[in-house]
Amino acid sequence: MNEYEYIREQDEAVYQALLGEEERERTGIELIPSENYVSMAVREAAGSILTNKYSEGYPGKRYYGGQQFTDVVETLAIERACDLFKAKFANVQPLGGAAANVAMYFALMEPGDTVLGMDLSHGGHLTHGHPTTSINKVFNFVRYKMKDVNTGEIDYEELRAVALKEKPKIILAGFSAYSRELDYQKFVEIAKEVGAYTVADVAHIAGLIAAGVLKNPFDYGFDVMTMTTHKSLRGPRGGMIVVREDETIAKKINKTVFPGVQGGPHMHIIAAKAVAFGEAMQPSFKTYAEQVLKNAKAMEGVFLESDIRLLAGGTDNHLLLADVFGSLGITGQEAESVLDEVGITLNKNMIAEETRSALDPSGIRFGTPAMTTRGMKETEAAKLAELMVRTLKNKDDDKIKEIVKQEVKVLCEAFPVPAKLV
Ligand code: DSN
């Protein structure tokens, strides 16, 4: 059966858009560090019949009948999530990472309470209380930063001082644009001193933690992790909350996800989460995650040799942030656009101590989860980094851009997006 048989017959406009996206993903290199390619098994589950079903509640305790099969998939997703993250409890219903964080805040705090999280410009995330978010009107967000933007070391002394002064209910570790490991032990020690919960938003690195190639905050005593399931974890678009061992916290989180902030769960996506978690439990996923890190290191090497400044001095995970404005005099937006022209997709990004604006920042952010899923290794990662640098240094030279475009095409043909991932 043609995957889009019915859409093709019924809705030409959507059909054409889907074909366009397939072609875009097939013929370009995806370096946005929060994106990935899921297996056809995950896509089948996400497009499955379970989209028809309402299942408010949790397995064994639903508000509507007909839950024989929804209970099966949700229980599988929960059990596999617990196994992957060394958690005692998991809620697999959050619709995304933002929804997971909102539910977590309301579960652990009262309005007006304080969260101590990483500054957005130093790598934190909008949902960690950026002034433009609604959640910022409900809770009080205070910040910690890096001590040294050239090594990425967090200023744990400042973090402790702010914690002692502000008495946060939650100390939040986690980021969307930070390339080093965190010292989870220090977070836990400071949280104990002030009686705060420890939460890690591991959206970006969930797959790397599940595979055991990055540290698991639960090994250091963190209470809760929130995450998305579609980044390095290579599942469907969605969110999840896992709890290390405290049943009281788990119960509060369940009540807050439903009925607190969400209605009926998306059971087709929960089925796809179960399938993706099953894939992440395979030995091949660990090999994949190791390669994600090796590929990021290979890219780091090329950028540093080319004298392009990397924030935090480099990377310990899957992503890199380069100060292209400071190093090459081109803005993040210009870099994003010229790389798009040659078939390499990434995003402009603010850098710590930014001198420009959010819409026209100094940096670019890129990473290796998606290109590694295509089977690329260090040789190809280094090659890609060289192509990026060559393009950035010759952004107005159409001849060079054409050559790069052809090289990107050759790489894409040699490393097609796979259908099977186990
Ligand atoms: N949009 C995601 C990212 O790219 O990091 C985070 O929400």
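Just follow the structure's listing: the first ligand is 1, and inside any ligand the first atom is 1.
At a heavy-atom cutoff of 4.0 Å, ligand 1 is surrounded by S34, H125, S176, H204, K231, R365.
Taking the centre and axis of the six-membered ring of F285, the NZ or CZ atom of R234 falls outside the cone set by 45° and 6.0 Å. At least one test fails for R244 against the ring of F222: distance under 6.0 Å to the centre or angle within 45° of the axis. Note that K215 lies in the cation-pi zone of Y220, set by a 6.0 Å cut-off to the ring centre and a 45° limit from the axis.
Under the rule for a ring-ring contact (aromatic ring centres under 6.0 Å, His included), H230 has no partner lying at least two apart in sequence or in another chain.
A ring-ring contact (aromatic ring centres under 6.0 Å, His included) with Y144 is found for one member of Y156, F175, F187 and no other, namely F187.
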Is there a ring pair (Phe, Tyr, Trp, His ring centres under 6.0 Å) between H130 and H128? Walk through the geometry before answering. CA-CA 6 Å; H130 190 265; H128 302 173; over 10 Å; no
